[in-house]
Amino acid sequence: MVAVDNLVTGSRANVAHLVDNAAFTLLERDVSQPLQIDGPVDFVLHFASPASPIDFPSMPIQIVKVGTLGTYHMLGLALAKGAAFLLASTSEVYGDPLVHPQPESYWGNVNPIGPRGCYDEAKRCAEAFTMAYNRAHGVDTRIMRIFNTYGSRMRTDDGRVIPNYFRQALTGEPMTVYGDGSQTRSLCHVDDLVTGALAVLDGPDPMPFNIGSQEEVTMLELATIVKRVTGSSSEIVFGPLPEDDPKQRRPDTTRAREILGWEPTISMEEGLARACDYFESALSVKR
Ligand code: UDP
């Protein structure tokens, strides 16, 4: 297995347990540049991209490039090697959705020129590239649309809601709810996401599959749940709502359930308990 990462948001520590494995290689490269891999390749799994909204203003050009040029290079690699290709796409292709919950047939409501445009439109282009290589070159492609996911190995300063709430709750800082906290998300534990990715890769169908949780919560409810799970006495404070922040998000996962037999198995309560253990150890705090 060759992992390719320029570590712009990743870290060597995340694969430290694999470095002694002779079957594993970490290549510190940016897939936005052309990439050659020696020998046979069976599968290309294209997950590269910063994905936290706090990364969007600081590296918008890299994000557009990895979604477009990076996808082009990885599809080229799959074509050259006769490999199957999996694109990690995103619920952001639906933008601030006007249809709820979101089925794969919904085309979305994306602002191309707003602060999230670099990520959303690059991923939409990545899907278009993937379907083009499927149709024009017969590459065996798959697309998964990943909804909000959390769990072990997230950056504690990632800026997304789960790392923020846990860091704040565990260190006694105020917990920052943006807007009035009525916006919703459905949070999938990373272990379920991984089984979902493998199910999509194994699946029969190049059309997109939503992979995510059905348990939808408001961001204010989530703050109170994290506060309870951590036993924190942090106060909950309200801050400005970021521009173009989607108001509601929950996947319609009927296709994944019916075609792949996949559904999440880890409840939010269980997933947040596991996340609590991880963030405690990552932040070296004791409750
Ligand atoms: N959010 C929040 N407080 C935080 C971080 C995020 O209320 O400290 C909200 C954010 O406004 C959004 C939701 O939580 O409505 C999820 O944000 P995140 O950045 O995790 O991912 P998104 O789904 O927006 O890409």
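The structure presented is a predicted model; accordingly, all values stated were derived computationally and were not measured. Note that ligands are numbered from 1 as they come in the structure, with each ligand's atoms numbered from 1 the same way.
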Show which atoms of ligand 1 fall inside a sub-4.0 Å distance from at least one heavy-atom site of [X].
X    : value
T176 : 2 (C), 3 (N), 4 (C), 7 (O), 8 (O)
N164 : 4 (C), 5 (C), 8 (O)
Y165 : 2 (C), 3 (N), 7 (O)
N148 : 21 (O), 22 (P), 23 (O)
D245 : 10 (C), 11 (O), 12 (C), 15 (O)
P242 : 11 (O)
V177 : 7 (O)
E92  : 25 (O)

Protein heavy atom at shortest distance from [atom]:
atom                    : answer
atom 1 (N) of ligand 1  : Y178 CD1, 3.4 Å
atom 22 (P) of ligand 1 : R116 NH2, 3.3 Å
atom 16 (C) of ligand 1 : R185 NE, 3.6 Å

Using a strict 4.0 Å threshold on nitrogen-to-oxygen distance, state whether [X] and [Y] make a salt bridge.
X    : Y    : result
R145 : E127 : yes
R155 : D55  : yes
R142 : D202 : no

Handout entry: side-chain hydrogen bond (donor to acceptor under 3.5 Å, both in side chains) between R249 and N148, intermediate numbers included
Key = CA-CA 9 Å; R249 184 183 286 157; N148 293 70; 2.8 Å; yes
Handout entry: Heavy-atom nearest neighbour of atom 13 (C) of ligand 1 within options R167, K247, M219
Key =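 Comparing heavy atoms across R167, K247, M219, the nearest one to atom 13 (C) of ligand 1 lies in M219.
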Exercise for the section: For atom 19 (O) of ligand 1, state which one of M175, R160, Q168 supplies the nearest heavy atom. Expected result: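 Result: the heavy atom closest to atom 19 (O) of ligand 1 is in R160.
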Problem - ILVMFWY cluster, V161 and L170 together (side-chain gap under 4.5 Å) - result: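 Result: yes, single cluster for both.
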Practice task
Report, as yes or no, whether the 6.0 Å neighbourhood of atom CZ on F56 holds more than 12 heavy atoms from other residues, nucleotides or ligands.
Solution key: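 Enclosed: over 12 neighbouring heavy atoms sit under 6.0 Å from CZ of F56.
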Practice task
Kindly give the heavy-atom pair with the smallest separation between S49 and K123, and that separation in Å.
Solution key: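 Where S49 meets K123 most closely, the heavy atoms are CB-NZ, 4.1 Å.
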Problem - ring pair (Phe, Tyr, Trp, His ring centres under 6.0 Å) contacts touching residues 213-269 (sequence neighbours left out) - result: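 Not a single pair qualifies under ring pair (Phe, Tyr, Trp, His ring centres under 6.0 Å).
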Problem - Donor-acceptor side-chain pairing of R160 and Y150 below 3.5 angstrom - result: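 Absent: no donor and acceptor within the cut-off.
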Practice task
Using distance alone, decide if ligand 1 has a nitrogen or oxygen within less than 3.5 Å of any nitrogen or oxygen in V161.
Solution key: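 Looking only at distances, the answer is yes, because the N/O contact criterion of under 3.5 Å is met.
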